[in-house]
Amino acid sequence: MKTLIEKLLTKALAALPEDLLPMNVRDLGVEVENTRDAQHGDFASNLAMRLAKAARQNPRKLAEALVRLLPPSPSVAKVEIAGAGFINFFLSKDAYHAEIAKLLQAGRQYGRSSVGAGKSVQVEFVSANPTGPLHVGHGRHAAFGASVANLLEAVGYRVEREYYINDAGRQMEILAVSAWLRYLERCGERFAFPANGYRGDYIAAIGEQLFAAQGVKLQHAAADIFKDLPPDEPQGGDKDVYIDALIARARSLIGDPEFRRVLNLAVAGILSDIREDLQEFGVTFDCWFSERSLGDNGSIDRAMDALKKAGHAYVKDGALWFKSTDYGDEKDRVMVRENGVKTYFASDIAYVFNKLERGFDHLLYIWGADHHGYITRLRAGLIALGGPADSFEVRLVQFVSLFRGGEKAQMSTRSGEFVTLRDLRKEVGNDAARLFYVMRSNDQHLDFDMELATARTNDNPVYYIQYAHARVASLMRQLQERGLAHDSELGLRSLCKLVEPQELQLIKRLSAFPEIIRQCAAQRAPHTLVHYLRDLANDFHTNYSAHQFIVEDAGLRDARLGLALAAQTVIRNGLGLLGVSAPETM
RNA sequence: GCGCCCGUAGCUCAGCUGGAUAGAGCACCUGGCUUCGAACCAGGUGGCCGGGGGUUCGAAUCCCUCCGGGCGCACCA
């Protein structure tokens, strides 16, 4: 509908005589916006005001000329000039009704479009380290990433959802040794658990699993294990030095192959837990990408070779550096340390290289806000490897603070004192969790109040929106109980009977849905969709309270039920993009 | 010190690629169920949009600056 108005205005602009507007200032794009106030019509344009300066004309005079030159359209009932020179468009009722007919015909497809033109976008999100279960912070990443991916898909992009598994590096070894120590406890050994070890209950479960599979095969006496180790942190030592020594000891006692087996068992267990958790949350991935595979198949070396060849890498102090300062970074970054060990950044460069090789048109990274310092250097890597700068995009998700009854819950994977995503889902339900997570802008810190999320009040938009959907289902049940059936053909023919202001308001809102979806996708802003759905539910409830649906006049009845079904369709489609269910009863 | 995010009604937040009188929910106050689900609706109270400058026909929105809060600035991952 908006595009129609834009077309009309573009034609009028082209027809404007030269004495009113010089030819050389006409490439100004035509802008049309939704009005906030119904007094200003349905759509408004500020074109005349924007032209006024270049044309050295009074904006109202320009507006009058434009309005005179507007081609007539059956969809436009009235055009007015208001204020400083706004051109306000009032749509005809026919135009409203035609949109509802279109909506009902499109059904589940309504709102989808093809502006993405089949371009491919890879969305990488969550990518939590497989060192423990997902917590509530990861939940926000999951909900946000999944919703953005759905939105992009809805507007015609080919979307690939990816989870990057950080299964390489020292963290994994700490995980393995933690699991082994829990296993030893299960075997009956007694000792002090390392300060830097993972101490969550899930580690003990892995130890238990190890015991069930291996018996006492991997058992060693505590005295042997801890003999001559440097002091741990509580004894005044360095916890990192201590745990590294402990890892080395474990390797030498049980052998490297066994150690790797323990590591793999731990990672596999945690990863399958994460996968199941996300699946239950309605978040799925097309690809689970292993960081370790980058090292195993030589990708890291190839990426670094590519950088060297392009002249963006150099050796200094025995280390290999990436010259990221060439692309705006504040300092160059080490890829291979003096001791020959590759840094985490080397993996990230290789991973970007790999993504480029896979040929995506656009790369969307969703990161925690604490990673913002990483953006510049990684973009530098992408450009240095020949990727187009504008294909690289990072969206940061701010932190989640969990509140329970006004008290802030602490979250730390290492200490094991955290509320998991699974706990949260169990307590508030998937629907409330998904909606709460994306209700606020990703740039905004989120205070997630679990009591609020479970409250069945208007605080919680989940119920408000779902209730509107269920009410329509209830209407249809009621219709059946009265021995009536909905004649959709008659309803379509009778749409002209929808003339009440609440009905027209609802239709207007429904008509905006496709544009809202495009906007949400373009801005990666699922929270805008939540607000839209809340407003839509409000319009529906208002109309519901104001007018009877099941009335004597069959034409009016079927038209009104058609409108109700249209609202139900848009709510279902919208909630679907957010991963929230649309129940028939509540 | 440098960088990113945030500061809008008592509370939680929309609005930010400049547009008309700044919006929603909660809270508070008034009304509305013998009638399709009151998990609802109608109405009301409540704002120097953190402060100050600038850009212009027009600024919550853009620029500068200051103040306040969060986060980050490794040959860690």
Side-chain angles (χ1 to χ4, degrees), chain A residues 31 33 35-37 39-40 44-46 49-50 52-53 58-59 82-86 88 129 131 166 168-172 174 240 291 316-321 330-331 333-348 368-376 394 396-399 401 439-447 449 452 455-468 470-479 481-482 502 522-523 525 527-528 530-532 534-535 537-538 540-551 557 560-561 564 585-586:
Chain A
E31 286 175 17
E33 59 191 20
T35 56
R36 212 178 304 167
D37 188 336
Q39 282 181 7
H40 302 141
S45 179
N46 58 6
M49 288 180 298
R50 289 168 58 235
K53 195 169 188 185
N58 179 315
F86 289 100
N88 293 335
N129 290 349
T131 52
N166 290 104
R170 188 162 154 269
Q171 296 304 317
M172 292 300 102
I174 297 176
D240 286 304
E291 178 188 356
K316 192 183 102 189
D317 302 333
L320 181 68
W321 297 72
E330 55 193 13
K331 54 175 288 192
R333 306 293 170 176
V334 171
M335 295 188 292
V336 183
R337 283 185 265 167
E338 198 179 350
N339 63 10
V341 177
K342 288 165 185 134
T343 63
Y344 185 80
F345 182 60
S347 293
D348 279 347
D370 53 337
H371 283 65
H372 77 260
Y374 234 72
I375 297 173
T376 307
V394 179
L396 298 175
V397 177
Q398 296 289 332
F399 291 153
S401 301
M439 193 161 69
R440 305 286 178 240
S441 158
N442 56 295
D443 279 332
Q444 194 78 234
H445 284 251
L446 178 65
D447 287 344
D449 190 327
L452 210 63
R456 319 232 146 184
T457 69
N458 255 354
D459 273 7
N460 190 343
V462 186
Y463 294 103
Y464 188 78
I465 296 166
Q466 288 183 327
Y467 181 45
R471 260 186 156 176
V472 178
S474 173
L475 269 178
M476 302 313 283
R477 286 191 297 270
Q478 185 62 223
L479 186 73
E481 274 173 34
R482 297 190 193 179
Q502 295 87 350
Q523 299 178 352
H527 74 276
T528 301
V530 177
H531 287 278
Y532 168 82
R534 218 230 146 253
D535 290 341
N538 184 23
F540 173 80
H541 289 309
T542 297
N543 182 45
Y544 182 94
S545 305
H547 307 289
Q548 287 277 316
F549 285 78
I550 303 174
V551 293
R557 182 175 69 227
R560 284 184 172 174
L561 289 170
T585 60
M586 298 185 65

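Basis for what follows: all heavy atoms, side chains included, without hydrogens, waters or symmetry-related copies. Each chain gets a letter, A, B and so on, in the order its sequence line appears, and its residues count up from 1. Here the structure is a predicted model, which is why all the values come from computation and not from measurement.
Distances shown here put a side-chain N or O of A/N538 below 4.0 Å from the OP1 or OP2 atom of B/C41. Put simply, A/R471 has a side-chain N or O that comes within less than 4.0 Å of OP1 or OP2 on B/A38. Residue A/S545 has no polar side-chain atom (N or O) positioned under 4.0 Å from OP1 or OP2 of B/A42. Proximity of A/H547 to the phosphate of B/C36: no side-chain N or O atom is located under 4.0 Å from OP1 or OP2. A close approach under 4.0 Å does not occur between any side-chain nitrogen or oxygen of A/K331 and OP1 or OP2 of B/C2. Between A/Q478 and B/G37, a side-chain N or O to OP1/OP2 separation shorter than 4.0 Å is present. Between A/Y464 and the phosphate of B/C41, there is a side-chain N or O to OP1/OP2 separation shorter than 4.0 Å.
Going from atom CZ of A/R534 over to atom P of B/A14 covers 15 Å, rounded to whole Å. Between the P atom of B/U12 and the CD atom of A/Q444 lies a distance of 10 Å, rounded to the nearest Å. Nucleotide B/U35 holds its P atom 12 Å from the OH atom of A/Y544, rounded to whole Å. Atom NZ of A/K342 is separated from atom P of B/A77 by 13 Å (rounded to the nearest Å). Atom P of nucleotide B/U61 and atom CD of A/E33 are separated by 17 Å, given to the nearest angstrom. Protein atom CD of A/Q502 is 9 Å distant from nucleotide atom P of B/A42, rounded to whole Å. Rounded to whole Å, the distance from CG on A/D443 to C1' on B/C16 is 11 Å. Atom-to-atom, OH of A/Y532 to P of B/C13 comes out at 25 Å; the value is rounded to the nearest Å.
Taking the ring axis of A/Y464 as reference, the NZ or CZ atom of A/R534 stays within 45° of it and closer than 6.0 Å to the ring centre. With a 6.0 Å cutoff to the six-membered ring centre and a 45° limit on the axis angle, A/R471 counts as a cation-pi contact of A/Y544.
Note on A/Q548: a base of the nucleic acid sits closer than 4.0 angstrom, heavy atoms only. The residue A/T542 sits close only to the backbone: its heavy atoms come under 4.0 Å of sugar-phosphate atoms, none of a base. Counting non-hydrogen atoms under 4.0 angstrom, A/D37 reaches a base of the nucleic acid. Nucleic acid contact class of A/T376 (heavy atoms, under 4.0 Å, all strands): none. Looking at heavy-atom distances under 4.0 Å, A/H40 makes contact with a base. If you check every strand for non-hydrogen atoms under 4.0 Å, A/A84 touches nothing. Residue A/A82 is in base contact, counting any heavy-atom pair closer than 4.0 Å across all strands shown. Residue-level contact check: A/M49 touches the bases, meaning some heavy atom is under 4.0 Å from a base atom.
Across the strands present, B/C26 finds its partner in B/G10; the criterion is a Watson-Crick or G-U wobble pair with both atom distances under 3.5 angstrom. Across all strands shown, B/C71 forms a Watson-Crick or G-U wobble pair, both distances under 3.5 Å, with B/G3. For B/U35, there is no paired base (Watson-Crick or G-U wobble, both distances below 3.5 Å). Across all strands shown, B/G54 is found opposite B/C62 as a Watson-Crick or G-U wobble partner, with both distances under 3.5 Å.
Using C1' as the reference atom, B/C29 and B/U45 are 7 Å apart when rounded to the nearest Å. Nucleotides B/U65 and B/G46 have their P atoms positioned 38 Å apart, rounded to a whole Å. Going from the C1' atom of B/A38 to that of B/G18 covers 43 Å, rounded to whole Å. Between B/G51 and B/G32, the two C1' atoms lie 46 Å apart (nearest whole Å).
Scanning atom types as modelled, one donor and one acceptor separated by under 3.5 angstrom connect the side chain of A/N46 and the base of B/G19.
Taking only side-chain atoms of A/R482, from C-beta outward, the nucleotide of B/C41, B/A77, B/C36 with the closest atom is B/C36.
A salt bridge between A/R170 and A/D240 is present, with a side-chain N of the basic residue lying under 4.0 Å from a carboxylate O of the acidic one.
In this structure, a donor-acceptor pair under 3.5 Å is present between the side chains of A/S347 and A/E291.
If A/L446 and A/V551 are placed on RNA chain B by their nearest nucleotide, the residue sitting closer to the 5' end is A/L446. Between A/T528 and A/E338, the residue anchored closer to the 5' end of RNA chain B is A/T528, taking for each the nucleotide with the nearest heavy atom.
For A/S45, the side-chain hydrogen bond (donor to acceptor under 3.5 Å, both in side chains) criterion is met by no residue, not counting sequence neighbours.
The aromatic ring of A/H372 is not stacked on the base of B/G72, since the criterion of ring centres less than 5.5 Å apart with planes inclined by under 30° is not met. Centre separation under 5.5 Å together with a plane angle under 30° does not hold for the ring of A/F86 and the six-membered base ring of B/G19, so they are not marked as stacked.
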